Amino acid sequence: MAKPPFTNDIRTLRFLAGEMTQAELGEKIGVTRQTIAAIEQGKYSPTLEAAFRIAQVFGKPLDEVFCWTDGGE
Amino acid sequence: MTFREKMHWASLLAILAGFGWYFAMLLAAGGDASGLHDYFAGLLVLVIGGLIVVMTFAAIVMAIAAPSEASASVDERDAQIHMRGTFYAYYTLVVGIWGIGLAAHFGFGLFIILNAALGLLVLCETIRIGVQIYLYRRGY
């Protein structure tokens with residue numbers, strides 16, 4: 001499975017948010033712990049809605065959570 | 001491993017064991033199977049009943065082991081993985097139906113046609129579940 005053309009700082013943000021667990025974050029946005037783990041590892045690209053929800057949990061704009069890394073168009 | 005992934009594994013193993021046994025018996029009967037319609041109909045009922053019992057038991061055991069996961073609703077990744085598995089199974093089903101239609105056209109008997117259709121359904125279900133397990137394991 002190809003890696004998505006973006007990285008994310010969810011793991012760091014969880015740590016900074018009082019060492020929030022993957023399960024806690026998953027519960028806040030309505031996905032399983034495994035889905036959060038897959039997003040963190042770049043194995044799954046979340047929907048736009050889930051991405052915004054994650055950013056909302058941390059009180060950050062979307063581009064501070066997810067960072068586009070593909071240099072192409 | 002999520003509750004759903006565990007259930008997929010249980011389904012896959014139960015289907016392979018149950019229908020593997022059924023089709024092994026069918027192949028062992030060979031050309032004489034056409035005179036054993038009632039026997040194989042009974043065998044099929046036994047396999048399907050066995051699958052229902054095994055899957056119910058597996059679901060209960062896994063739900064007791066992890067009640068919170070068992071009651072969790074399907075999330076977006078689960079739904080996408082489900083769709084992907086169904087996508088591959090659907091196209092296998094379409095090709096298989098055409099193949100069975102051709103077999104009927106060339107004069108194969110009803111018993112063979114019905115078992116070919118059953119085999120096709122088992123194949124499609126195996127592909128659907130297998131793809132879903134693969135995507136859960138490899139990431140999606």
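Computed from a prediction, not measured in an experiment: that's the story for all the values here. Convention: sequence-line order gives letters A, B, ...; per-chain numbering from 1.
Within a 6.0 Å radius of CZ in B:Phe23, other residues, nucleotides and ligands contribute more than 12 heavy atoms. Heavy atoms of other residues, nucleotides or ligands lying less than 6.0 angstrom from CD of A:Glu24 number more than 12. The number of heavy atoms from other shown groups lying within 6.0 Å of CD (A:Glu64) is above 12. Within a 6.0 Å radius of CZ in A:Phe6, more than 12 heavy atoms belonging to other residues, nucleotides or ligands are found.
Shown here for B:Asp75 and A:Thr35, the closest heavy-atom pair between the two residues is OD2-OG1, 2.6 Å. The shortest heavy-atom contact between A:Lys43 and B:Arg137 is NZ-O, 4.2 Å.
Of the two parts of A:Ala50, the backbone and the side chain both hold a non-hydrogen atom closer than 4.5 Å to a non-hydrogen atom of chain B. Interface residue B:Gln80: only side-chain heavy atoms are found under 4.5 Å from chain A.
Taking hydrophobic clusters as Ile, Leu, Val, Met, Phe, Trp and Tyr residues chained together by side-chain heavy-atom distances below 4.5 Å, B:Ile129 does not share a cluster with B:Val54.
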field: A:Gln34 vs B:Glu5, side-chain contact (heavy atoms from CB on, under 4.5 Å): CA-CA, chis, key distance, verdict
entry: CA-CA 11 Å; A:Gln34 288 82 1; B:Glu5 191 182 342; over 6 Å; no
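Judged purely by atom type and a 3.5 angstrom limit, B:Glu76 has no side-chain atom pairing as donor or acceptor with the backbone of A:Pro46.
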